[in-house]
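Below is one structure, written out as structure tokens, with a few remarks after it.
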Amino acid sequence: MRDIFSRLDKYEIRIRKAVNSQMHGNFSSIFKGTGLEFADLRTYQYGDDVRTIDWITTAKGHGAYVKIFKEEKEQTVFFLLDVSASQEVGKKGSLKIDRAKEICGTLALSALKESSHVGLYCFSDQKELYLKPETGIKFAYKFILKLFQLEPKSSKTDIAEAIRFALNMMKRKSVMILISDFRDSEHEQNLKALAKNHDLVVIHLYDEREVNIPSLGLIPVEDKEQGKIRWMHTSSKAFRNNMKEEFNRKQEELKDLCKKYNASYLEISSQEDFVPRLVELFRVR
């Protein structure tokens, strides 16, 4: 676990340095609330925006009063992490699930260092792990330990149900970070609801071999979620083109949905250095 913490901390420091230098701003703004909440009342002064006048208090006849608002500083960052069997694709040591956990852990450390409340829901087609939002360095250790020790009980995926769980649990607007390979269907409506009610970040993980499958002839390929072996003719140009086109189609649909509902979208390959990609995401945010 010491090695894991050390690695995640290095990722987090790289992100922090890159964001602060490239954006010329405060890294903490990524995880802070963007709304305003009522703080106090004071007497009206020349030049104040008339829209901030509190007419109920003013009507009492003791002078005009305006509302004072302050920026919401406490923010909840909630992670939805797909740990189904389809994430166990890639080279040993750089499976999609390995990258997913590293990304999740790195961002969680970043948020916790900014005093945000952080929660986690790992899912397959059922609840695999739930950590209610907490803050502090003690919770950071618990978060990373539970995340990296997790061994899912089910191999299947149900993104729609995971989103439904998050919507029921998180009533206050939060930063929702959904990390998945999206090898599932019929979750679009729930994803729209999540984007409408929260500040949604979608991180789409994939393996290069899912896009550009190598030409290896007729080979057996295991469908981990279904537990079945399928024979595929990988030397067929039509087969490889169909695989690539299907991936691109689903990716564009997901990207368009995120754009339509003001959600942030980022695709990350399990083989690439994800830190520059996360910096790119934060620059946009």
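Nothing fancy with the numbering, it's 1 onward along the sequence. Values in this document were obtained by computation on a predicted structure and should not be read as measured data.
With hydrogens and angles ignored, the 3.5 Å screen pairs a side-chain donor or acceptor of Asn197 with a backbone N or O of Ala193. Glu128 contributes a side-chain N or O that, together with a main-chain N or O of Lys153, makes up a donor-acceptor pair within less than 3.5 Å. A donor-acceptor pair under 3.5 Å links the side-chain atoms of His198 to the main chain of Ser174, judged by distance alone. For Glu246 (side chain) and Met243 (main-chain N/O), no donor-acceptor pair under 3.5 Å exists by modelled atom type.
The side-chain heavy atoms of Leu178 and Leu81, taken from C-beta on, include no pair separated by under 4.5 Å. Leu120 places a side-chain heavy atom less than 4.5 Å from the side chain of Phe143. Between Ile103 and Ile203, the closest side-chain pair of non-hydrogen atoms falls below 4.5 Å. Thr157 is not listed as a side-chain neighbour of Phe182, based on a closest heavy-atom distance of 4.5 Å or more.
Ser180 and Asp82 form a side-chain donor-acceptor contact under 3.5 Å, judged by distance and modelled atom types alone. No side-chain donor-acceptor contact under 3.5 Å links Ser124 and Ser84. Side chain to side chain, Ser86 and Asp181 meet the donor-acceptor criterion of an N or O pair below 3.5 Å.
The hydrophobic clustering, which links ILVMFWY residues whose side-chain heavy atoms are closer than 4.5 Å, places Val89 and Trp231 apart.
Between Arg249 and Glu245 there is no salt bridge, since no side-chain N of the basic residue sits under 4.0 Å from a carboxylate O of the acidic one. Ionic pairing of Asp9 and Lys113 is present here: one or more N-O contacts between side-chain nitrogen and carboxylate oxygen are shorter than 4.0 angstrom. The residues Arg277 and Glu280 are annotated as salt-bridged, a charged nitrogen and a carboxylate oxygen being separated by less than 4.0 angstrom.
When the side-chain contact (heavy atoms from CB on, under 4.5 Å) test is applied to Tyr44, the partners found at least two apart in sequence or on another chain are Asp48, Val50, Ile53, Ala64, Val66.
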_Intermediate values then yes/no, ring pair (Phe, Tyr, Trp, His ring centres under 6.0 Å), Phe165 and Tyr130_ = CA-CA 10 Å; Phe165 175 89; Tyr130 170 60; 5.3 Å; yes
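Residue pairs meeting the salt bridge (Lys or Arg N to Asp or Glu O under 4.0 Å) criterion with at least one member in residues 100-112, sequence neighbours excluded: Arg7-Glu102, Arg99-Glu102.
By the 4.5 Å side-chain criterion applied to Ile, Leu, Val, Met, Phe, Trp and Tyr, Val211 is assigned to a cluster that also includes Tyr206, Phe247.
Ring geometry for Phe5 against Tyr141 counts as tilted: the plane angle lies between 30° and 60°, on a 0 to 90° scale.
In terms of heavy atoms, Leu205 sits closest to Ile179 at CD1-CG2, 3.8 Å.
If you run side chain to side chain donor-acceptor pair (under 3.5 Å) between Asp207 and each of Lys96, Gln271, Gln87, only Gln271 comes through.
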